[in-house]
Student: 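Mind having a look at this structure? Questions to follow.
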Amino acid sequence: MKSIIISSNCSGGGKTTFTLGLMKALKNRNLDVQGYKVGPDYIDPAFHKEVTKKASRSLDTFLMGEEGVKKSYFKGNGEVGIIEGVMGLYDGIGASEKASTYDVSRLLGNMPIILVLSPKGQSASLCAEINGFKNYRNANVVGVVLNSISEKYYNLLRYAIEENCDTKVFGYIPKEEQISLSSRHLGLVQSMEILNLEEKLDICGKLIEEYVDLDRIINEMQEFQMNSETGLSSEINLRGEINLSSEYQIKDSKTNLENEKNKLKSEKNKFENKDLRIGIALDKAFSFYYKDNIELLEQLGEIIYFSPINDEVLPDNLDFLYIGGGYPEVFKVELENNYSMRNSIKEALNNGLRCYAECGGLMYLTTSIDGAEMVDFFHGESIMTNKLQRFGYCKVKINKKCFEFEIDQEFEISAHEFHKSQVNLNEKNVYEVEKTQYNGEIIKWQCGYFKKNTLAGYAHINFLGNMELLEALIDLK
């Protein structure tokens, strides 16, 4: 599968709009498109799925590790892969490039990058910016697309870029209010909440087809070349042909390549099917789940999705419950009104049902959210504030004795926090959380709650990079 990365100089630079339009235009050409998202985002992948009709996959070197990123990439299926970046091209942890879009490009064989830029009041200065992005760490920037500008301004900028930069200009996206996407305190409004989303996507696709050179972009796409460990240098084009170094026999090299891909696709410590019935909360209040997490749980048994807003009670005979993040604060009235579901969950957890809840899931299990009654399993309130309480990558430590291990050791978990709420609970904390600042300063705080067989906290976790925790959760007594 040939792929390309869509990046920008900052958040809000037009990455998502262009990514969705590009995906739609490729789908309109009957190409099978696989979406990917760099970083810990949940909302953009949901938009990808609306276009591609398949789950988008996360690529996060901090949460998943380098091996996990490669696994997730190769588990994608399609003729072309479109990888949407995070923030600006080099923006990673603190002031470094670690876990940035550039970092993922480097890891995936120097995957080609398109810069989507939204210029304003610039001409030659934009050229300096583009050259700076290319030269700062020698990123494989193959071209630019200019966003939300007029045709006259585009012609000026294209001339300037072609004169001053060794960079292709693939086209532009004209100003179009109909394709704007509304935002909320944690990012964009969820795809499932936008009533005219299909119409917006159609317009996006048509704009890309008309104003962007789609053929040239397809031509720049590249297969991930695996040569660091196997000594194999190869490239596969859209027709499935392989070009190989002459020192290898074609048959042996193709076999080695496929073996390496299969190795990366297969799960480390692959779970056996335990015939578990696993309930996952999924509706407009709870929708923040990594595809890798769902796939790992699918190995363990049957997934049963349910809605805390619309369903009356939990599915029958569950062995494990997973309540992810989302926007329970936005839909608190609907959640409060569903007393039977709240009572069903509380009773099940008090009876020892194994459960893992993240961020919004934690809030839902408290007594209330801004006065609206919730499950009341964890005693205390959740309240919304007007600023981010915690933001960024962090390390979480939790003692194994929480899970009835006899040894006094800790899990160290790679995690991410991003929330404007806070909880005030009459419960004991079990998470020791650390965040390393850009200057090496370490900030510490406590979070996480363990009660009966339920673990809940603000930290978002990708199980692919934290397999030991998932094993402990499943084997709770």
Side-chain angles (χ1 to χ4, degrees), residues 276-289 293 297 301-384 398 402-404 419 421-431 446-461 469-470 472-477:
L276 299 181
R277 285 175 56 82
I278 300 167
I280 298 181
L282 184 64
D283 56 23
K284 60 186 179 181
F286 304 101
S287 63
F288 293 178
Y289 299 98
N293 288 8
L297 291 174
E302 178 187 6
I303 302 290
I304 304 102
Y305 293 102
F306 71 97
S307 168
I309 290 178
N310 300 314
D311 294 333
E312 292 184 1
V313 294
L314 282 174
D316 294 333
N317 303 316
L318 291 183
D319 298 296
F320 187 75
L321 177 62
Y322 184 15
I323 308 176
Y327 288 110
E329 68 275 14
V330 175
F331 305 103
K332 62 185 180 183
V333 174
E334 292 97 318
L335 291 169
E336 180 182 45
N337 288 340
N338 195 346
Y339 170 79
S340 63
M341 175 58 77
R342 291 192 287 114
N343 190 60
S344 173
I345 293 175
K346 183 177 181 179
E347 182 178 355
L349 299 187
N350 279 324
N351 288 333
L353 174 64
R354 292 172 288 177
C355 175
Y356 174 62
E358 284 183 343
C359 201
L362 163 65
M363 296 168 65
Y364 181 53
L365 296 184
T366 65
T367 302
S368 63
I369 299 177
D370 285 345
E373 294 184 6
M374 294 293 124
V375 173
D376 193 30
F377 177 71
F378 292 116
H379 301 306
E381 64 178 355
S382 303
I383 58 173
M384 295 302 298
I398 178 171
C402 280
F403 304 101
E404 299 189 4
H419 53 95
S421 68
Q422 61 184 36
V423 295
N424 302 314
L425 304 184
N426 299 316
E427 308 284 355
K428 183 180 178 181
N429 292 119
V430 296
Y431 285 176
Q446 292 186 322
C447 185
Y449 305 90
F450 187 81
K451 184 176 182 180
K452 300 194 175 177
N453 283 332
T454 295
L455 178 67
Y458 270 117
H460 290 285
I461 296 168
L469 175 67
L470 178 57
L473 286 170
I474 295 301
D475 291 333
L476 285 174
K477 304 299 180 185

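Numbering of residues begins at 1 and proceeds along the displayed sequence. The structure displayed is predicted, hence computed values, not measured ones.
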Student: Taking Phe306's backbone N and O only, do any of them form a donor-acceptor pair with Asp311's side chain (distance below 3.5 Å, no angle check)?
Tutor: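 Looks like no, no N/O pair under 3.5 Å.
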Student: Would the distance check show the side chain of Asp283 and the main-chain N or O of Phe286 forming a donor-acceptor pair, the cut-off being under 3.5 Å?
Tutor: yes
Student: Can you find a pair of side-chain heavy atoms, one from Ile398 and one from Phe450, that are under 4.5 Å apart?
Tutor: no
Student: Report the distance from atom OG of Ser340 to atom CG of Leu314, rounding to the nearest 0.5 Å.
Tutor: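 Going from OG on Ser340 over to CG on Leu314, the span is 10.0 Å.
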Student: Hey, does Thr454 have a side-chain heavy atom less than 4.5 Å from the side chain of Leu321?
Tutor: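 Not in contact.
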Student: Of the non-hydrogen atoms in Cys359 and Gly325, which two are nearest, and what is the gap between them?
Tutor: CB-CA, 4.5 Å
Student: Tell me if a side-chain donor or acceptor on Asn343 pairs with a main-chain N or O of Tyr339 at a distance below 3.5 Å.
Tutor: no
Student: Mind checking whether Tyr327 and Phe288 have parallel, tilted or perpendicular rings, split at 30° and 60°?
Tutor: perpendicular
Student: So which atom in Leu425 and which in Phe378 form the shortest heavy-atom distance, rounded to 0.1 Å?
Tutor: CD1-CB, 4.0 Å
Student: Could you grab the distance from atom OG1 of Thr367 to atom CG of Asn426, nearest 0.5 Å is fine?
Tutor: 8.0 Å
Student: Find the distance between CG (Leu353) and NZ (Lys452) and round it off to the nearest 0.5 Å.
Tutor: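 Leu353 CG to Lys452 NZ: 12.0 Å, rounded to 0.5 Å.
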Student: What are the two closest heavy atoms between Pro308 and Asn338, and how far apart are they?
Tutor: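 Looking at all heavy atoms of both residues, the closest pair is O-ND2, 3.0 Å.
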Student: For Leu318 versus Gly279, what's the shortest heavy-atom pair and its separation?
Tutor: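 Taking Leu318 first and Gly279 second, the nearest heavy atoms are CD2-N, 3.6 Å.
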Student: Apply the side chain to side chain contact (heavy atoms under 4.5 Å, CB included) test between Met363 and each candidate in Met384, Met374, Gln422, His419; give the one that qualifies.
Tutor: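 The passing option is Met384.
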Student: Hey, is CD on Gln446 packed in by over 12 heavy atoms from elsewhere, all under 6.0 Å?
Tutor: yes
Student: How about Tyr305: does its OH atom have over 12 heavy atoms from other parts shown lying under 6.0 Å from it?
Tutor: yes
Student: Could you state the interatomic distance from CD1 (Ile383) to CD (Glu329), rounded to the nearest 0.5 Å?
Tutor: 12.5 Å
Student: So among Tyr322, Phe320, Tyr289, which one has a ring pair (Phe, Tyr, Trp, His ring centres under 6.0 Å) with Tyr356?
Tutor: Tyr322
Student: Checking Arg277 side chain against Ile304 main chain: does a donor-acceptor pair fall under 3.5 Å?
Tutor: no
Student: Are Leu470 and Asn293 close enough that some pair of their side-chain heavy atoms sits under 4.5 Å apart?
Tutor: no
Student: Counting C-beta onward and ignoring hydrogens, is there a side-chain heavy-atom pair between Tyr449 and Leu365 closer than 4.5 Å?
Tutor: no
Student: Tell me if a side-chain donor or acceptor on Glu336 pairs with a main-chain N or O of Glu373 at a distance below 3.5 Å.
Tutor: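 It does hold such a pair.
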Student: So which heavy atom on Phe331 is nearest to which on Ile309, and how close?
Tutor: CB-CD1, 4.0 Å
Student: Count the heavy atoms belonging to other residues, nucleotides or ligands that lie under 6.0 Å from CD of Glu302, then report whether that count exceeds 12.
Tutor: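 Above 12, so yes.
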Student: Might you point out which heavy atoms bring Cys402 and Val430 nearest each other, and give the distance in Å?
Tutor: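 Looking at all heavy atoms of both residues, the shortest contact is SG-CG1, 3.8 Å.
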Student: Has Ser421 got a side-chain atom pairing as donor or acceptor with Ser382's backbone, closer than 3.5 angstrom?
Tutor: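 Such a contact is absent between Ser421 side chain and Ser382 backbone.
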Student: Would you check if the side chain of Glu381 reaches a backbone N or O of Thr366 as a donor-acceptor pair within less than 3.5 Å?
Tutor: no
Student: Pick out which of Leu297, Leu282, Leu276 makes a side chain to side chain contact (heavy atoms under 4.5 Å, CB included) with Ile303.
Tutor: Leu297
Student: Sub-3.5 Å donor-acceptor pair from the side chain of Lys451 to the main-chain atoms of Phe377, do we have one?
Tutor: yes
Student: Under a 3.5 Å cutoff, is there a donor and acceptor pairing between the side chains of Ser368 and Asp370?
Tutor: no
